[in-house]
Amino acid sequence: MPVRTTARSGIRRATTNTATGLRATAVAVLAAASLVSCTQGQTDGGLRADPSAPSATASPSADPAEKADQVENADQAEQAAGEATEEPTAPAEPAPELVRDAFATLQATLGETCTPGAGDCAYFLGRVTRELTELDEAMRADPKGPGHFKQPLADMKVLFGKLGKDRSTPHLEKYFSEIVSTRDGINTWMQDHPDDYR
């Protein structure tokens, strides 16, 4: 009998030691797995100790095309903001017409006339005066220089001196003869200088 008891006790001790060893190993494996899981959670955007704390690094987008769109949209927004803050520039003043173009529109009035006091001179005299003014500007800006157009510029200077700044119909009718004769005289001069209008 004593032999059996000793044998049973030895088996029990061996079984207990094995179970204890297995338990310790299982606990160690679970602890290691938890540690690895926690470490990955902290670095890979998984579970963190404080779920309310913001992530130190934003998760990268899986789609490169989406990233490119975001960058492009940001650039466009920045450019639009820059354009919105720029002050608008005043439009550049148009350059004077070429002499031939200004003379062509004046020449188109040669067949027209009106009768002062009859109520039909407002358009005609206003147009001829405007065409003479534009021709004067074109001749002064021409690369040949104003000296080349000495006679017509002198005639227009005399006319504009008489008209002053008043462009009302009654005032223009008062100088009807001077306006028409200046137009006709410039037409004659230009016919003698075909290179200036062809």
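Values reported hereafter were calculated over all heavy atoms of this structure, with side chains retained and with hydrogens, waters and symmetry mates removed. The structure presented is a predicted model; accordingly, all values stated were derived computationally and were not measured.
The two residues Ser181 and Glu178 come nearest to each other via the heavy atoms OG-O, 3.1 Å. Taking both residues in full, the closest heavy atoms of Ala102 and Ala138 are given as CB-CB, 4.0 Å, listed atom of the first, atom of the second, then distance. The shortest non-hydrogen separation linking Cys121 to Thr169 is C-CG2, 4.3 Å. For the pair Ile186 and Pro152, the tightest heavy-atom approach, listed with the atom from each and the gap, is CG1-CB, 3.9 Å.
Under the 4.5 Å side-chain criterion, counting only non-hydrogen atoms from C-beta, Val128 is in contact with Phe124. You'll find the side chain of Met139 stays beyond 4.5 Å of the side chain of Pro146, heavy atoms only. Using a 4.5 Å cut-off on side-chain heavy atoms (C-beta onward), Phe103 and Asp196 make no contact. When side chains are defined from C-beta on, Val180 does not count as touching Tyr175, because their heavy atoms never get closer than 4.5 Å. Residues Leu159 and Leu132 meet the side-chain proximity criterion, which asks for heavy atoms closer than 4.5 Å. In this structure the side chain of Phe176 reaches within 4.5 angstrom of the side chain of Thr113, judged on heavy atoms.
Atom NZ of Lys144 is surrounded by more than 12 heavy atoms from other residues, nucleotides or ligands within 6.0 Å.
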Chi angles and distances behind the salt bridge (Lys or Arg N to Asp or Glu O under 4.0 Å) call for Asp136, Lys157: CA-CA 9 Å; Asp136 179 82; Lys157 183 177 180 180; over 6 Å; no

Stepwise side-chain contact (heavy atoms from CB on, under 4.5 Å) check, Leu106 with Asn187: CA-CA 8 Å; Leu106 176 68; Asn187 179 64; over 6 Å; no

Candidate pair Asp184 and Leu110, rule side-chain contact (heavy atoms from CB on, under 4.5 Å), full reasoning: CA-CA 8 Å; Asp184 295 346; Leu110 287 176; 3.7 Å; yes

Trace of the side-chain contact (heavy atoms from CB on, under 4.5 Å) decision for Leu135 with Phe149: CA-CA 11 Å; Leu135 181 61; Phe149 303 99; over 6 Å; no

Verdict with supporting geometry, Asp142 and Leu98, side-chain contact (heavy atoms from CB on, under 4.5 Å): CA-CA 7 Å; Asp142 192 85; Leu98 296 174; 5.8 Å; no

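Atom CD of Glu173 sits about 9.0 Å away from atom OG of Ser168, to the nearest 0.5 Å. Atoms CD and CZ, from Glu137 and Arg140 in turn, are 9.5 Å apart once rounded to the nearest 0.5 Å. Taking CE of Met156 as the start and CG of Leu163 as the end, the distance is 12.5 Å to the nearest 0.5 Å. Here the CD atom belonging to Gln151 is positioned 9.5 Å from the NE2 atom belonging to His193, to the nearest 0.5 angstrom.
Salt bridge status for Arg183 with Glu131: absent, with no side-chain N to carboxylate O gap under 4.0 Å.
Between the side chain of Arg100 and the main chain of Glu97, no donor-acceptor pair closer than 3.5 Å is present. Between the side chain of Thr129 and the backbone N or O of Gly126, no donor-acceptor pair lies under 3.5 Å.
At a cut-off of 3.5 Å, with distance as the only test, no side-chain donor of Tyr197 or Gln107 sits close to an acceptor on the other residue.
Ring pair Trp189/His148 is perpendicular by interplanar angle, where above 60° counts as perpendicular and below 30° as parallel.
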